[in-house]
Amino acid sequence: MFMLRIMTWISLRLGRRIARGVLHLIASYFVLFSPGSRRASRNYLQRALDRPVRWTDMYRHFFTFAATIHDRVYLVNRRFDLFDFEVHGEDTLRHLIADGNGVFLMGAHLGSFEVIRALGRKDTDLRVAMVMHEDNAQKINAMLAAINPEAVQDIIGLGHIDSMLQVRERLDEGCVVGMLADRTPGNDTLYPVNILGASANLPIGPFRMAALLQRPVVFMTGLYLGGNRYAIHFDALADFSDVPRDQRDAALQTAISRYAALLDQYCRKTPYNWFNFFDFWQTAPTTMPPKSS
């Protein structure tokens, strides 16, 4: 937290261009001295680029990750004037929000989810709440408090008796509820998919929650394009509003497969935006089909 506060001070007092110079040191450090992350980066980039991976590719991968994290300093402090956002598919999201029943946004560790919360702070009609596991919620809140003590985030921690009730309340208020659906804490049922030509496992929990609460789901990603540019994409993913109970399992499978296809699409389009630095692909997964209650 001490280093984060120093980096925040440098960023806000000396400017983004000077502060980004530190990111080159950070990216170089991980390329040189983090063999596990470097191995995961190479494994992913070989699939996404479909060619031999160079050291410069891994460096660019780590730098892109560092850049999106660093930009949170400015987004949390409402320095939207520093960025050029291009938004695709916003009509899809607005149409669903207009119904007033709330919408799930399913993101991933692909690009920056912070940009959608930035849009929510910039546009007061777009209220965004995030759902995440309790440990992550505490870390995120601590990080945001270090960046800007006045920053207020609507974060719902999973694992509580009333977590589902809180999510339902936000949706009933017309909020957009965001979740990252490409990781599991280890106790969720997994479903096998194909991403970048290889088998991977995705957690069913986020999609099951949307199905149980009978809400529409939109895929979202904020892709970093270099410099100060981001491309925000909204894609219709699923609509569980009127799915009969006996068809819910099939609808879950269709939604997860659609989610995997969108991950594949955007990884190929902007390969350096993938921020899962671990062994995401598994050759012999132990998985179970989704079962809804």
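Predicted, not measured: the structure shown is a model, and the values here were computed from it. For reference, positions follow the sequence shown, starting with 1.
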According to a 4.5 Å side-chain heavy-atom criterion applied to Ile, Leu, Val, Met, Phe, Trp and Tyr, with indirect links allowed, do Y29 and L25 form part of one hydrophobic cluster?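 As far as the 4.5 Å side-chain criterion goes, L25 and Y29 are not connected within one cluster.
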
Working note: H109 + F113, criterion ring-ring contact (aromatic ring centres under 6.0 Å, His included); need CA distance, chi angles, decisive distance, verdict. CA-CA 8 Å; H109 292 81; F113 203 95; 9.7 Å; no

Go through the steps for D84 and Y230 under the test side-chain contact (heavy atoms from CB on, under 4.5 Å), then give the verdict. CA-CA 6 Å; D84 179 13; Y230 282 86; over 6 Å; no

Just checking, is any N or O donor in the side chain of H233 or T221 under 3.5 Å from an acceptor N or O on the other one? no

Neighbour count >12 (heavy atoms, 6.0 Å) for atom [atom1], [X]:
| X | atom1 | value |
| --- | --- | --- |
| R60 | CZ | no |
| D50 | CG | no |
| R17 | CZ | no |

Sub-6.0 Å ring centroid separation between F65 and F277: yes

Ring centroids only, cut at 6.0 angstrom: are H88 and F234 within range, meaning strictly under it?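 When the ring centroids of H88 and F234 are compared, they turn out to be at least 6.0 Å apart.
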
When rounded to the nearest 0.5 angstrom, what distance separates CZ in F278 from OG in S37?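 Spacing of CZ (F278) from OG (S37) equals 11.0 Å.
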
Distance in Å, R39 CZ paired with S34 OG, rounded so as to fall on 0.5 Å steps: 9.0 Å

Taking side chain to side chain contact (heavy atoms under 4.5 Å, CB included) as the definition, give me every residue that meets it alongside H95, ordered by chain and number, with sequence neighbours left out. none

Could you pull out all residues at least two apart from I26 that satisfy side chain to side chain contact (heavy atoms under 4.5 Å, CB included)? V22, L23, F30

Heavy atoms, side chains only, cut-off 4.5 Å: are [X] and [Y] in contact?
| X | Y | result |
| --- | --- | --- |
| R258 | D235 | yes |
| W281 | Y44 | yes |
| V115 | Y224 | no |

If you apply the rule side-chain contact (heavy atoms from CB on, under 4.5 Å), what do you find for M164 with L213, and how did you get there? CA-CA 9 Å; M164 185 75 82; L213 294 178; 3.8 Å; yes

